[in-house]
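See below for the structure under consideration.
Excluded from the calculations below are hydrogen atoms, water molecules and symmetry mates; all remaining heavy atoms, backbone and side chain alike, are included. In what follows, every chain begins at residue 1, and chains take the letters A, B, ... in the order their sequences are listed.
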Amino acid sequence: MTLLENAIETSELTKRFNDLVAVDKLSISVEQGEVFGLLGPNGAGKTTTISMLCTLLKPTSGWAKVNGFDIVKQDTQVRKSIGIVFQDPSIDDRLTGRENLYMHANLYGVPTSEQKPRIDRVLKLVELDTRADDLMRTYSGGMRRRLEIARGLIHYPKILFLDEPTIGLDPQTREHIWSYIEDLRKAHEVTMILTTHYMDEADRLSDRIAIMDYGKIVASDTPAKLKDTLEGDVISIKTKEAAKLSSLVAGTVGVLKINTVNDGLDITVRGGKALLPRIVETAAKNGIFIESVSLREPNLADVFLHYTGRAIRAEGGDELHGMAAIRRRQIK
Amino acid sequence: MTEMRGIYTLWLREVKRYLRDRARIVSSFVQPLLWLAIFGKGLSSIATGVQLGNLTYPQYIFPGIVGQTLLFTSMFMGISVIWDREFGFLKEIMVAPVSQFSVFLGKMLGDSTDALIQGTMVFVLGALLASFLGINLNLSVFLESLPIMVLITFGLVGVGLTVASLIESLESFGVIQSFINLPLFFLSGAIIPLSGHLVPGWLQIASRFDPLTYGVDALRTVIDGKAWQPLYPLYFNIAIICIFDVAMITIGTLMFSRRK
């Protein structure tokens, strides 16, 4: 299909911390220009994977190439060719937004004559041009995130890593940042690696998604195809008598799978619209009180559940310690 | 070229941060003031005799307080590394395409500049209080002291950065910091003479392992002039400090660039 070299290529990439295998024989390839989503719960190994690809961590075994450069032997070339938006804030809040960007441009060897035009442009792109000369500490969480995204672009990286780009941000700001990311993609020919534990984020932004759990990729495909693998609709029933209902429904024709969730059942079925009234009827006949019911097409959360056998933990950021945690709370 | 720019950028950042922190600049006056006024002046009637040579106690202690300020500030600067790590900024530097040596050097030069500004404040303070303390200071004394101060600061900042890169949290850095600060300070002869037949042998030996001993002796040689009987020749002092600097820059760079 293409003669271009893959943007990222890993083979059996592994990272151990003492007894813990954080990343377990990971082999992925990411094409140029693709937005590749790495989806998984906290602790799945996403950030460790990114840290290795960014040359911050050395792999225990296996290898990886980023833009054709070996992450261990050619780390400087790797670093020059990538941009990173870290999961945790990584800006200097005693400097102004503009100063942070100039510092980055200098660290990455952007020619002096080009610095000003590039910085002005990225500031405009993330709509921070009017606030650029204020100290970062006066910025809101969303503004900081936008500045970090702008910063990651100044040296024209071929790959942009976005590690949980919208973690801890309010829905409006998330929507904002998503549209920036989509715009960026159209404006620059940049490959993006996105890690997230938000299903909607991965679904909206990614061309391809790899679901990661316990350091391994459990499934990898386009969002649409991943959802297709479930071949069926999901009927969610909220009830206190989930177990009883589950055993009653189990044998019904068209029922593919029943998952018990917090407050009821998620039933995967073929032909949901026809089956929904039958199930409600069965429940009523047997005196089971149903609080609410909904029918939906499968989403990535179902895919995740399907492959890992458990729901993704929605709460984020609990692995942070010390000042970073305090900072995160302030941002919220 | 890229490396030079990286070093300059990191240097500029440290200096900007320092100069924006008014509280730190104001407080940098206070500690030396207390030492010079209370200790220097207060003890001057007791602390006399052969140990001080022909110096009055304020004359003796002034170069020591310059050295102490450089020591304390340099060690304190290590906190900037921990701070950067806790706030996540260190990642931005660590992942930049500049060598670890340049990262260390940029940070060290920046922190050293801050420490030297603090050291210069002590001279300003000394000049303001010159008649009160009975010390002689002028611009040429300061300019002669400056190269020595620069050399001392490099090594000490190196110690601060090395320790900081080995330590996980802000709290333990505070403990370790005083664990290093106080012995180096007391053993350097900054406020009490540690030579001559009245001082126990073990204490004299211990003071020889303190790099600040040579720094303070060199400063005294320059600031107090002929009235001071140097422990070692000036060139010897400077040689020792240079060896200390090279060692600390090497160790610091290695510690800084550890990749897990």
Side-chain angles (χ1 to χ4, degrees), chain A residues 15-17 48 50-60 72 75-96 99-100 102-112 135-136 144 148 151-152 155 157 161 163 320-328, chain B residues 1-25 79-107 110 114 164 167-174 256-260:
Chain A
K15 180 70 189 177
R16 285 171 188 279
F17 298 104
T48 309
I50 297 265
S51 298
M52 283 192 282
L53 295 176
C54 297
T55 76
L56 275 173
L57 283 177
K58 268 187 188 155
T60 314
V72 178
D75 56 343
T76 309
Q77 284 100 316
V78 171
R79 285 164 183 229
K80 271 190 185 145
S81 68
I82 58 173
I84 309 150
V85 178
F86 292 106
Q87 180 173 351
D88 305 324
S90 65
I91 36 171
D92 188 333
D93 69 343
R94 310 266 168 139
L95 299 182
T96 67
E99 282 171 338
N100 267 290
Y102 270 107
M103 185 160 60
H104 184 89
N106 278 316
L107 285 174
Y108 281 77
V110 176
T112 323
L135 288 183
M136 290 297 300
R144 286 170 199 230
E148 286 182 304
R151 184 178 68 177
H155 56 287
F161 288 92
D163 194 3
L320 281 179
H321 302 290
M323 299 309 278
I326 294 170
R327 171 71 73 84
R328 169 77 53 74
Chain B
M1 191 55 213
T2 319
E3 297 292 325
M4 287 302 290
R5 204 129 62 91
I7 294 171
Y8 166 75
T9 307
L10 294 171
W11 170 83
L12 187 68
R13 166 182 181 248
E14 296 298 333
V15 176
K16 266 187 186 165
R17 281 175 68 98
Y18 175 74
L19 292 178
R20 279 178 194 170
D21 200 345
R22 299 258 162 74
R24 229 158 90 195
I25 297 177
I79 236 168
S80 69
V81 177
I82 297 179
W83 209 247
D84 284 351
R85 188 165 50 214
E86 296 267 301
F87 277 117
F89 183 75
L90 198 64
K91 268 194 189 162
E92 157 78 356
I93 304 176
M94 296 312 260
V95 83
V98 285
S99 72
Q100 298 304 311
F101 178 68
S102 300
V103 169
F104 182 80
L105 215 59
K107 192 119 185 119
D114 301 350
I167 280 178
E168 300 287 322
S169 73
L170 221 52
E171 295 84 348
S172 43
F173 183 71
F256 225 70
S257 59
R258 281 178 314 155
R259 234 173 98 190
K260 284 173 204 150

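Heavy-atom pairs under 4.5 Å with chain B were tallied for Asn106(A), Ile82(A), Thr112(A), Thr60(A); the largest tally goes to Asn106(A).
Closest approach of Arg94(A) to Trp83(B), counting heavy atoms only: NH2-NE1, 4.4 Å. Summarising the geometry of Ala96(B) relative to Leu107(A), their closest heavy-atom pair is CB-CB, 4.1 Å, with the distance given to 0.1 Å. Minimum heavy-atom separation, Val95(B) to Phe86(A): CG1-CZ, 3.9 Å. For Ser90(A) against Gly88(B), the heavy-atom pair with the smallest separation is CB-O, 3.3 Å.
Interface remark: Val85(A) contributes no atoms to any contact with chain B (heavy atom separation under 4.5 Å). Contacts of Leu10(B) with chain A are made by side-chain atoms alone, with heavy-atom separations under 4.5 Å and no backbone atom involved. Both the backbone and the side chain of Tyr108(A) come within contact range of chain B, each with at least one heavy atom under 4.5 Å from a heavy atom of that chain. Both the backbone and the side chain of His104(A) come within less than 4.5 Å of a heavy atom in chain B. Within the 4.5 angstrom heavy-atom criterion, only side-chain atoms of Asp21(B), from C-beta onward, approach chain A. Within the 4.5 angstrom heavy-atom criterion, only side-chain atoms of Leu135(A), from C-beta onward, approach chain B. At a 4.5 Å heavy-atom cutoff, Gln77(A) makes no contact with chain B through either its backbone or its side chain.
Interatomic distance, Lys91(B) NZ to Ile84(A) CD1, rounded to the nearest 0.5 Å: 9.5 Å. Atom CG of Asp88(A) is separated from atom CD of Glu86(B) by 11.0 Å, given to the nearest 0.5 angstrom. Atoms CZ and CD1, from Phe87(B) and Ile91(A) in turn, are 11.0 Å apart once rounded to the nearest 0.5 Å. One distance of note links NZ of Lys16(B) with OG1 of Thr96(A); it measures 7.0 Å at 0.5 Å rounding.
By the side chain to side chain donor-acceptor pair (under 3.5 Å) test, Ser102(B) is found to be paired with Glu3(B), Ser99(B), residues two or more places apart in sequence or in another chain being considered. With sequence neighbours left out, the side chain to side chain donor-acceptor pair (under 3.5 Å) criterion links Lys80(A) to no other residue.
Enclosure of atom CZ in Arg16(A) is not indicated, since only 12 or fewer non-hydrogen atoms of other residues, nucleotides or ligands lie within 6.0 angstrom.
In this structure, the side chain of Arg13(B) does not engage the main chain of Met103(A) through any donor-acceptor pair within 3.5 Å. Within the 3.5 Å criterion, the main-chain N or O of Val110(A) finds a donor-acceptor partner in the side chain of Arg5(B).
Looking only at side-chain heavy atoms (C-beta outward), Arg79(A) and Val98(B) stay at 4.5 Å or farther from each other.
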